[in-house]
Amino acid sequence: MRVLTRFLTAATDPHHFPAPTLPEIAFLGRSNVGKSSVINSLVGTKLARTSSTPGRTRSVNFYEVRWPGKPKADLIFADLPGYGYARLAREVVQQWPSFIEPYLKDRPCLTLCVVLIDANIPPQPSDCQLLEFLAAAGRLFVLIATKSDRLSGNQLQKSMHDLANQYQGARILAYSAKTGAGREELWQEIRLAANRVQQSQS
Ligand SMILES: Nc1nc2c(ncn2[C@@H]2O[C@H](COP(=O)(O)OP(=O)(O)OP(=O)(O)O)[C@@H](O)[C@H]2O)c(=O)[nH]1
Ligand SMILES: [Mg+2]
């Protein structure tokens, strides 16, 4: 099954965000963690640009997603720039909060934050800060431990165990954009969150 997708817009200013009509799913995480790759793996095409160089995504890139058989788009995916990469140009880092914070705080249609963490490295302070920020803003989130293909079964188990200890109470899924592991589970989380919004509106 493959969804239909369309690039909407790239925004670096809240005034350029698309009208908040559909439930929106935001992809967040440190630079180079694999946000754009997870989007591509979910939709099954090279929709978002990925790169081995951190700092590829510089704007909030909005994509419409249409479920097969539906007459029109029913979801929006928002691919966000990464944080926590020191070598990014200073002005980019300084500009970051000026459009990300209002997005995360005020975007009325933001339904679910998909927060990516690298399954290969220990929990990072910047990830903890983001999760605290999201909790304070009352945002629903799911944690994705990605690049799981780089770990053996035992290593992944240990990594998931450590993450569960660090982020108690959070929903955490192992994922690989390379093999597609975790894809169905993440789609389920996304549909669940989107349906919840639609039900509360009807
Ligand atoms: N092995 C492996 N590599 C991955 C996976 N996901 C992403 N990568 C690689 O990680 C690098 C970064 O991927 P991106 O999707 O561009 O990361 P991003 O988080 O969007 O990065 P920025 O936009 O720069 O913040 C690329 O070289 C990808 O090929 C994965 O699941 N497994
Ligand atoms: Mg990206």
Side-chain angles (χ1 to χ4, degrees), residues 5-12 17 24-65 76-101 103-104 112-131 133-134 141-160 163 172-187 189-190:
T5 52
R6 188 168 73 98
F7 170 71
L8 277 181
T9 190
T12 51
F17 295 162
E24 200 159 280
I25 314 296
F27 294 79
L28 296 157
R30 303 175 79 238
S31 295
N32 211 44
V33 72
K35 299 172 289 295
S36 302
S37 301
V38 165
I39 290 182
N40 290 345
S41 107
L42 283 171
V43 303
T45 53
K46 286 198 172 155
L47 185 64
R49 280 170 79 186
T50 64
S51 167
S52 55
T53 311
R56 168 74 257 175
T57 310
R58 298 286 176 91
S59 44
V60 186
N61 295 342
F62 294 90
Y63 302 94
E64 254 182 11
V65 176
I76 290 189
F77 280 0
D79 187 10
L80 273 80
Y83 52 82
Y85 195 78
R87 265 194 284 157
L88 269 191
R90 208 175 172 76
E91 59 275 20
V92 175
V93 175
Q94 279 168 352
Q95 208 195 355
W96 199 86
S98 75
F99 65 98
I100 303 286
E101 274 205 31
Y103 175 83
L104 293 174
L112 177 68
C113 294
V114 177
V115 179
L116 276 76
I117 42 185
D118 191 329
N120 300 263
I121 59 172
Q124 300 289 303
S126 52
D127 296 328
C128 295
Q129 281 163 15
L130 173 69
L131 294 179
F133 178 89
L134 293 178
F141 62 83
V142 56
L143 273 179
I144 300 298
T146 196
K147 308 194 186 184
S148 66
D149 55 276
R150 290 185 176 164
L151 295 173
S152 70
N154 280 346
Q155 287 171 323
L156 181 60
Q157 216 175 358
K158 181 177 182 311
S159 170
M160 294 302 285
L163 290 170
I172 312 177
L173 300 176
Y175 201 97
S176 166
K178 209 168 175 180
T179 67
R183 183 176 180 270
E184 289 315 312
E185 290 88 341
L186 179 52
W187 263 123
E189 294 290 323
I190 292 171

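For clarity, every value in this text was computed on a predicted model and none was experimentally measured. As the structure lists them, so they are numbered: ligands from 1, and atoms in each ligand from 1.
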### Message
Just so I know, are the side chains of Ile121 and Arg30 near enough to count as touching, which here means a heavy-atom distance under 4.5 Å?
### Response
yes

### Message
Out of all atoms in ligand 1, which are within 4.0 Å of some heavy atom of Ser52? Include the element for each.
### Response
27 (O)

### Task
Do me a favour and list the nearest non-hydrogen protein atom to atom 21 (O) of ligand 1 with residue, atom name and distance?
Asn32 N, 3.1 Å

### Sequence-distant partners of Arg150, salt bridge (Lys or Arg N to Asp or Glu O under 4.0 Å), two or more places apart
none

### Task
State whether a side-chain donor-acceptor pair under 3.5 Å links Asn154 with Ser152.
no

### Task
Kindly confirm or rule out an N or O of Lys147 lying under 3.5 angstrom from an N or O of ligand 1.
yes

### Message
With a 4.5 Å cut-off on side-chain heavy atoms, are Leu104 and Leu28 touching?
### Response
yes

### Message
Counting only heavy atoms, tell me which of Gly82, Ser51, Ala48, Pro81 gets closest to atom 16 (O) of ligand 1.
### Response
Ser51

### Message
Would Ser36 count as a polar contact of ligand 1, with the cut-off being nitrogen or oxygen pairs under 3.5 Å?
### Response
yes

### Message
Minimum distance, heavy atoms only, to atom 6 (N) of ligand 1: which one of Ser41, Gly180, Ser37 is it?
### Response
Ser37

### Summary
Counting from 1 in the order shown, the ligand 1 atoms closer than 4.0 Å to a non-hydrogen atom of Ala177 are 6 (N), 30 (C), 31 (O)

### Query
Side-chain contact, heavy-atom cut-off 4.5 Å: Leu186 with Tyr175?
yes

### Query
Looking at atom 18 (P) of ligand 1, what's its closest protein heavy atom, distance included?
Lys35 N, 3.5 Å

### Task
Output all residues satisfying ring-ring contact (aromatic ring centres under 6.0 Å, His included) with Phe27, sequence neighbours left out; order by chain, then residue number.
Phe77

### Message
Applying the side-chain contact (heavy atoms from CB on, under 4.5 Å) criterion to Asn40, which one of Thr50, Thr45, Asp79 satisfies it?
### Response
Thr50

## Note on the structure
atom 32 (N) of ligand 1 has as its nearest protein heavy atom Asp149 OD1, 2.7 Å

### Task
Could I get the full list of side-chain contact (heavy atoms from CB on, under 4.5 Å) partners for Lys178, not counting sequence neighbours?
Asp149, Ser176

### Message
Under 4.0 Å from atom 25 (O) of ligand 1, can you find at least one protein heavy atom?
### Response
yes

### Summary
For Ser176, the atoms of ligand 1 under 4.0 Å from one of its heavy atoms are 31 (O)

### Task
Could you please give the number of protein N/O/S atoms within less than 2.8 Å of the Mg ion (ligand 2)?
2

### Message
Counting neighbours of CD on Gln157 that are heavy atoms of other residues, nucleotides or ligands and sit closer than 6.0 Å, is the number greater than 12?
### Response
no

#### Entry: Side chain to side chain, Leu42 and Val65, heavy atoms closer than 4.5 Å
no

### Message
Is a donor from one side chain sitting under 3.5 angstrom from an acceptor on the other, for Gln129 and Ser126?
### Response
no

### Task
Please write down residue, atom name and distance for the protein heavy atom closest to atom 23 (O) of ligand 1.
Thr57 OG1, 2.8 Å

### Message
Under 4.0 Å from a heavy atom of Val33: which atoms of ligand 1 are those, numbered in the order shown and with their elements?
### Response
19 (O)

### Query
Can you check whether Gln124 reaches Ile117 side chain to side chain, under 4.5 Å on heavy atoms?
no

### Query
Can you tell if the side chain of Val33 reaches within under 4.5 Å of the side chain of Ile144, non-hydrogen atoms only?
no

#### Entry: For atom 3 (N) of ligand 1, closest protein heavy-atom neighbour
Arg150 NH2, 3.8 Å

